[in-house]
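Naming: A, B, ... by sequence-line order, numbering from 1 per chain.
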Amino acid sequence: MKRRAALDRFFITTPIYYVNAKPHLGHAYTTIVADSIARYHRLAGHETFFLTGTDEHGDKIVEAAAKAGSSPQQYVDTISEQFRSLLPELQISNDDFIRTTEERHKQVVRDILQRVYDAGDIYLSEYEGRYCTGCEQFLTDKDLDANGLCPDHKVAPTVIKEKNYFFRMSKYQDWLKQHIQDNPEFIRPEHYRNEVLSMLDMGVLDDLCISRPKSRLDWGIELPFDSGYVTYVWFDALINYITGLGGPDSENFSKFWPRANHLVAKDILKPHAIFWPTMLKAAGFEPYQNLNVHGYWLMQDTKMSKSLGNVVEPLAMRDTYGLDAFRYFLLREMRFGRDASFSERALVGRLNADLANDLGNLFSRVLSMTHKYFGGEVPAMGQRSHAEDVEILDLALNSFANYQQLFPRFQFGRALEALWELVRGLNKYVDVTAPWTLFKNGETERLAMVIGTLLGLMRKIALHIWPVMPQTAETMFAQLGGEFDPSAIDLGKEAEAFGDFLQTGTRLAKASNLFPRVEFKEVESGGQAEPRQDNPKKDKQPKQPKTQQPAPEVGIAEFADFQKLDLRLGTVLSAEPHPEADRLYVVKIDLGEPQPRQVVAGLREHLEVEFLVGRQVVVVANLAPRKLRGVESQGMIMAVKDKDGLQLLTATGLVENGSKVS
RNA sequence: GGGCCGGUAGCUCAAUUGGCAGAGCCUUCGGCUCAUAACCGAACUGGUGUAGGUUCAAAUCCUACCCGGCCUACCA
């Protein structure tokens, strides 16, 4: 039995996935990363808990269910099952699968709400605001786009006035900032830590609205202190990380809690980096250990012409290239935290070069030689006499040590690269020692040493690779005449010495073809594939893989487009500083209309009032009105800017006010 | 407008925080025959985005700017 100290415990989570869409590449990536890291820690002998699940409350679910003609419960049962059943297909080794509609979760949410309420950090307040059903939240001025629409969903928000419960998040702002500063690894990679610190520096955090009146939404968890309300979706969802362990009073919670590692995509940074730690603090719990933030997979170079949608189906990739090649590619290719491009061409490149040529071929050639020279049985090892035998061992131990240093720090690409230094080194070792020559010359002892060294190190490669490619690792072990048992491995020791060699006489597989080479078929699609433009919606889950943005067609405007613009000349009557904004003027312009036009213009840091008044300017007269810092602007003054400053557009001579530009 | 991150070989990325710019892929040539047209070796490609500055020494630090991405705001 391996000794398990408290420090060796590891809790890894994926976000719980919102059940309003089918699983896609983003979900698969997050989950596969979590799985690999969980397997790694198990292999390292750490007691590990790996949690994933689905997020099932909120009005979007109610809407989607209605649209599908089913009840919310039926609907979430169906979609949640799609996520759950994907897990074994991707060989995900999660310890539990949490659904926010489960009774165990409702109890924990109520428990924690009550704790925060008792601590005095939840209060009732009336709120009037514009609510976007798509976002499931109230939007402020600054959230709206130029037309007063929700920028993510392109719909006008509804004005709603209601009483709601608020979480006093602002109270914990300074504490959170201090905590992030004191714990450089709390949010990683560093880029996202900076992002969060700048959010916290920007001003006072708003308190968080955590309820919805049942009259408006009853698909949620009832507040323990007011049966007229249900919980706001984030407060509900984040708590899953505690429910999954069994709740705050459970044994698993006391075992695993402060050692939690959350894994999220960058679009849900704020809830996890700001809401969640402050919620935990208010409820009297320690903050989680790390928030690990990854980037997006971008679709590039794609020739998947059959689906212009460009959605990468994880299962289709698995079916075409094999699960382990797919998993390997995802971990090898993306530098954790940054965006990466997904392309089948790159996947095939990795598959052929790294997996087939380097790794697969190594197994193939060594097993074949073992059969030719030793009847397929592990030979008895002799003395390690030659320099290259010592060198290859040094290389191996160094490679494993590097791997073990990088992998748990989420540096998967570099960790695998470190391992591949050894894979390539072993191929070279074969060439340098030339076992076929040793065989011809009857140097059997030396031959046994060489083959034994190869087999022993191949076993180590297999076990190191298991977190990423479990199936392949297990096949490798089978080919090496053994069975893979993660609990019997002591990872640290594997990097310290050659260790227990495979038992002499063990029968090995005669041949190995772990990764057949794949021919990459370039599918020509007659010009550029048309990437689909996804709605840039902000979901609570990894985004749909973004399509490559084609250059927007700004180059050519049809005459009809130009005609839409109503450009007119008018004389500036007055210009006053905007009361609420120090870069804006409120300008009144005579456009030949009964009333002067009021336009808010950002000219204040460029032009004096005296310069403006009396000046004739070009105005976009039919621009949709928009409030800027509370003052309505009914148009736009046209100007040009270069390195020397800003100039106004006007006509070469005076014209009648209101004259149209054509 | 402000902030953060990035820009290194044709491509993807390193460079232990200031110490001789390196890998892999691609391409070309050579070697080998155990192996999956594979493997091994060699070659090839560089004012490290631009211009300055600090330093014995700069991809790395400082200043300004250009390009890309993200965040943010009072450019309508």
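Nucleotide B/rG6 is shown with an anti base, its glycosidic torsion being more than 90° from 0. With a glycosidic angle no more than 90° from 0, B/rU17 adopts the syn conformation.
The residue among A/Ser512 and A/Ser198 whose nearest nucleotide of RNA chain B lies closer to the 5′ end is A/Ser198. Summary of the strand contacts: A/Ala353 and A/Trp436 both lie near RNA chain B, and taking for each the nucleotide with the nearest heavy atom, the more 5' one is attributed to A/Ala353.
Comparing the C1' positions of B/rG19 and B/rA58 gives an interatomic distance of 10 Å, to the nearest angstrom. Separation of the C1' atoms belonging to B/rU17 and B/rU60 is 7 Å when rounded to the nearest angstrom. Remark: the separation of the C1' atoms in B/rG24 and B/rU8 is 15 Å, to the nearest Å. Taking atom P on both nucleotides, B/rC62 is separated from B/rA23 by 29 Å, rounded to a whole Å. Atom C1' of B/rC29 sits at a distance of 16 Å from the matching atom of B/rU45, rounded to the whole Å. For the P atom pair drawn from B/rG41 and B/rA9, the interatomic distance equals 24 Å after rounding to whole Å. For the C1' atoms, the distance linking B/rC20 with B/rC56 amounts to 15 Å, nearest Å. Taking atom C1' on both nucleotides, B/rC32 is separated from B/rA37 by 14 Å, rounded to a whole Å.
Of the candidates B/rC34, B/rG69, B/rG24, B/rG69 carries the atom nearest the A/His191 side chain, counting heavy atoms from C-beta on. Closest to the side chain of A/Asp431, out of B/rC4, B/rG31, B/rA14, is B/rG31. Distance from the side chain of A/Arg424 is smallest for B/rG24 among the nucleotides B/rC34, B/rA15, B/rG24. In the set B/rA76, B/rU36, B/rG6, B/rU36 carries the atom at the smallest distance from any side-chain atom of A/Leu514.
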How would RNA chain B look in dot-bracket form, 5' to 3', counting Watson-Crick and G-U wobble pairs with both distances under 3.5 Å and writing | for bases paired to another strand? (((((((..((((.....[..)))).(((((.......))))).....(((((..]....))))))))))))....
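With respect to the salt-bridge test (charged N to carboxylate O, under 4.0 angstrom), the residues A/Asp182 and A/Lys177 do not qualify. A salt bridge links A/Arg332 to A/Glu417: one of the charged nitrogens lies within less than 4.0 Å of a carboxylate oxygen. Using a 4.0 Å cut-off between charged side-chain N and carboxylate O, A/Asp354 and A/Arg424 make no salt bridge. Ion pairing of A/Asp590 with A/Arg597 is absent here, as no side-chain N (NZ or NE/NH1/NH2) approaches a carboxylate O to less than 4.0 Å. Between A/Arg446 and A/Glu388 there is a salt bridge, since at least one side-chain N of the basic residue sits less than 4.0 Å from a carboxylate O of the acidic one.
The phosphate of B/rA35 has OP1 or OP2 within less than 4.0 Å of a side-chain N or O from A/Lys372. For the OP1/OP2 pair of B/rC39 and a distance below 4.0 Å, the side-chain nitrogens and oxygens of A/Lys428 include no atom meeting the criterion. Close to B/rC39, at under 4.0 Å from its OP1 or OP2, lies a side-chain N or O of A/Asn357.
Atoms CD (A/Glu417) and C1' (B/rA15) sit 13 Å apart, rounded to a whole Å. Atom CE of A/Met334 and atom C1' of B/rG69 are 14 Å apart (whole Å). Between the CG atom of A/Asn194 and the P atom of B/rC70 there is a distance of 18 Å, rounded to whole Å. B/rG24 atom C1' lies 9 Å from atom CG of A/Asp358, rounded to whole Å. Rounding to whole angstrom units, CZ of residue A/Phe363 and P of B/rC34 are separated by 21 Å. Per the geometry, CZ belonging to A/Arg332 stands 10 Å off P belonging to B/rA14, to the nearest Å. In this structure, the CD atom of A/Glu519 is 17 Å from the P atom of B/rU36, given to the nearest Å. Counting to the nearest Å, the C1' atom of B/rC25 and the CZ atom of A/Arg517 are 13 Å from each other.
In this model, a donor atom of one side chain and an acceptor atom of the other lie less than 3.5 Å apart for A/Asn357 and A/Arg517. Looking only at atom types and distance, the side chain of A/Gln404 has a donor-acceptor partner in the side chain of A/His464 under 3.5 Å away. Counted by atom type alone, A/Glu421 and A/Asn398 present zero donor-acceptor pairs between their side chains at under 3.5 Å.
At the heavy-atom level, A/Leu362 lies nowhere under 4.0 Å from the strands shown. Within 4.0 Å (heavy atoms only), A/Val600 reaches sugar-phosphate atoms of the nucleic acid but no base atom. Using a 4.0 Å heavy-atom criterion, one finds that A/Ala340 contacts no nucleic acid atom at all. Across all strands shown, A/Ser364 has heavy atoms under 4.0 Å from base atoms, whether or not it also approaches the sugar-phosphate. Contact annotation for A/Asn427: backbone-only contact, meaning every heavy-atom pair under 4.0 Å involves sugar-phosphate atoms and none involves a base. Within 4.0 Å (heavy atoms only), A/Gly413 reaches no atom of the nucleic acid at all. As judged by a 4.0 angstrom heavy-atom cut-off over every strand, A/Gly349 is placed among residues making no nucleic acid contact. Backbone-only engagement by A/Met636 is indicated by non-hydrogen atom pairs under 4.0 Å involving sugar-phosphate atoms exclusively.
The base of B/rA35 sits with one of its N or O atoms less than 3.5 Å from a complementary donor or acceptor on the side chain of A/Asn361.
Every residue two or more places apart in sequence or in another chain that forms a salt bridge (Lys or Arg N to Asp or Glu O under 4.0 Å) with A/Lys460 is listed here: A/Glu494.
A cation-pi arrangement is not found for A/Lys372 relative to A/Phe439, the charged atom failing to lie both closer than 6.0 Å to the ring centre and inside a 45° cone about the ring normal.
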